[in-house]
Amino acid sequence: MTKTSNQMWGGRFASGPDAIMEAINASIGFDKRLAAQDIAGSRAHAAMLAAQGIVTDKDAEAIREGLLTILSEIEGGKFEFSTALEDIHMNVEARLRDLIGAPAGRLHTARSRNDQVAVDFRLWVRDQCDAADQALVALMQALLGQAEAGADWVMPGFTHLQTAQPVTWGHHMLAYVEMFARDRSRFADARRRMNESPLGAAALAGTSFPIDRHATAKVLGFDRPTANSLDSVSDRDFALEFLAASSICAMHLSRFAEELVIWSSAQFRFVAMSDRWSTGSSIMPQKRNPDAAELIRAKIGRIFGANVALMTVMKGLPLTYSKDMQEDKEQVFDAADSLMLALAAMTGMVGDMTANRPNLKAAASSGFSTATDLADWLVRELNLPFRDAHHVTGSLVAVAEGKGCDLPDLTLEDMQAVHAGIRADVFDVLGVENSVASRMSYGGTAPVRVREQIARWKEALK
Ligand code: ARG
């Protein structure tokens with residue numbers, strides 16, 4: 001069974017494609033998401049063609065009106081997408097021909113689908129960078145809210161997930177603010193680099209028509225046109241940079257999600273998730289599962305996967321365009337959707353969760369968390385070399401462990417049996433509040449330092 005040849009490019013073809021060829025070739029199922037960008041690019045191109053005298057003003061006006069009609073048809077869900085027309089570019093152009101007739105055929109002058117798709121996709125990814133930026137600001141604000149409420153709440157700080165030293169809740173929240181701020185700057189950086197217009201590169205070599213690429217670049221909000229036509233149609237770095245930035249951001253989200261899963265467990269009880277962000281079990285009535293956190297943790301798989309998939313698609317392609325590159329879009333769409341959902345869910349969870357201050361403090365006070373403070377005291381007050389102080393403290397930890405108590409519960413006699421010089425004022429440094437208050441170094445966990453950072457971030461995010 002053969003169909004008639006393609007109306008866009010079928011001049012030399014006697015028959016249409018096999019049904020399976022059509023299935024593997026078509027991208028309209030997913031690239032319809034580029035409709036608004038495609039129409040914006042076409043409008044800019046048509047206006048430029050008229051300004052340069054390449055098409056008449058009358059034709060350009062008909063094209064403009066036709067494109068606006070198509071946009072409203074698509075937005076209103078009234079547009080009929082056709083797989084036979086392959087992709088968004090040809091679906092729009094075919095509909096334009098239905099609507100305005102012959103002038104539609106002039107739109108593709110000095111243009112190719114190769115530069116067209118490069119423009120559309122850049123515009124789409126650029127919007128996603130902006131959306132990620134906004135979502136990250138919202139998340140940082142939610143974290144700042146938590147940090148401010150508990151700037152001086154003591155909790156255990158961990159290394160190897162073993163109690164290390166006491167820190168403050170505010171300090172821990174601000175650690176993520178720092179990470180998400182770097183994520184923002186990665187998206188901003190990627191956006192800045194991608195903001196060049198490939199429109200007018202045409203198929204690969206540029207065009208003999210007297211086009212004005214600077215004008216179309218400006219109308220579409222690009223900083224300038226791309227400088228090499230071959231690069232313009234074959235570059236997908238911009239999508240890869242978005243995926244790389246997304247992957248790092250998703251990794252941060254996943255680490256935090258993992259902490260929330262641990263913290264909300266019955267064994268930790270550091271935080272309570274609100275009902276809005278938990279689910280129950282169909283069999284175990286006591287359960288309150290942190291599903292949103294778990295799913296955020298899992299979403300990273302899709303985002304990393306997209307990054308690897310597109311790197312793999314691109315890595316062996318000779319210049320310039322190859323149809324392989326059509327596989328870029330689904331990866332990026334899925335990664336962007338996953339990232340935005342994960343960011344929104346994390347923001348909601350953080351805004352709603354309640355830290356359990358007494359449990360945080362109790363946990364901070366156990367596990368010999370102030371052993372380093374004790375060693376530091378021995379250095380400062382008794383002038384012991386740090387290595388010796390470390391050894392003495394280790395012996396005291398062993399004594400406490402033997403007695404089944406913590407360091408502040410030891411008697412002065414217990415201590416002096418290990419090192420005769422130890423005095424009663426050592427107990428001042430064994431309390432967790434004093435411990436955190438003493439960590440005044442820049443970037444340290446002391447509440448005064450934490451409050452300074454909160455103030456700095458609040459100002460920065462205004
Ligand atoms: N649908 C195609 C894509 O996504 C558009 C570009 C087609 N170009 C071509 N020379 N067949 O990449």
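Residues take their numbers from the sequence shown, with the count starting at 1. Atoms within a ligand are numbered from 1 in the order they appear, just like the ligands themselves. Note that the structure is predicted; figures quoted are calculated from it, not measured.
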Shortest protein contact, atom 3 (C) of ligand 1 (heavy atom only): Y321 OH, 3.2 Å

With nothing but distance in play, are any N or O atoms of N114 less than 3.5 Å from an N or O of ligand 1? yes

With atoms numbered from 1 as shown, which atoms in ligand 1 lie under 4.0 angstrom from a non-hydrogen atom of S27? 1 (N)

One finds that the ligand 1 atoms under 4.0 Å from a non-hydrogen atom of H89 are 5 (C)

Out of all atoms in ligand 1, which are within 4.0 Å of some heavy atom of D87? Include the element for each. 1 (N), 2 (C), 5 (C)

May I ask you to check if R122 and F222 form a cation-pi contact, with NZ or CZ under 6.0 angstrom from the six-membered ring centre and within 45° of the axis? no

May I ask you to decide whether R186 forms a salt bridge with D189, counting only side-chain N to carboxylate O separations under 4.0 Å? no

Does the distance from a Lys or Arg side-chain N to an Asp or Glu carboxylate O, for E196 and R224, drop under 4.0 Å? yes

Heavy-atom nearest neighbour in the protein, as seen from atom 11 (N) of ligand 1, with distance rounded to 0.1 Å: R113 NH2, 3.5 Å

Suppose the criterion is salt bridge (charged side-chain N to carboxylate O under 4.0 Å, His left out): which pairs have a residue in residues 270-284, not counting sequence neighbours? D275-R288, R276-D352

Which pairs, with at least one residue in residues 359-368 and sequence neighbours excluded, count as a side-chain hydrogen bond (donor to acceptor under 3.5 Å, both in side chains)? K361-E433

Any luck finding a side-chain donor-acceptor pair between R449 and T445 under 3.5 Å? no

Note the single closest protein heavy atom to atom 1 (N) of ligand 1, along with its residue, its atom name and the distance in Å. Q326 OE1, 2.7 Å

Using a 4.0 Å cut-off to any heavy atom of K329, which atoms of ligand 1 qualify? 3 (C), 4 (O), 12 (O)

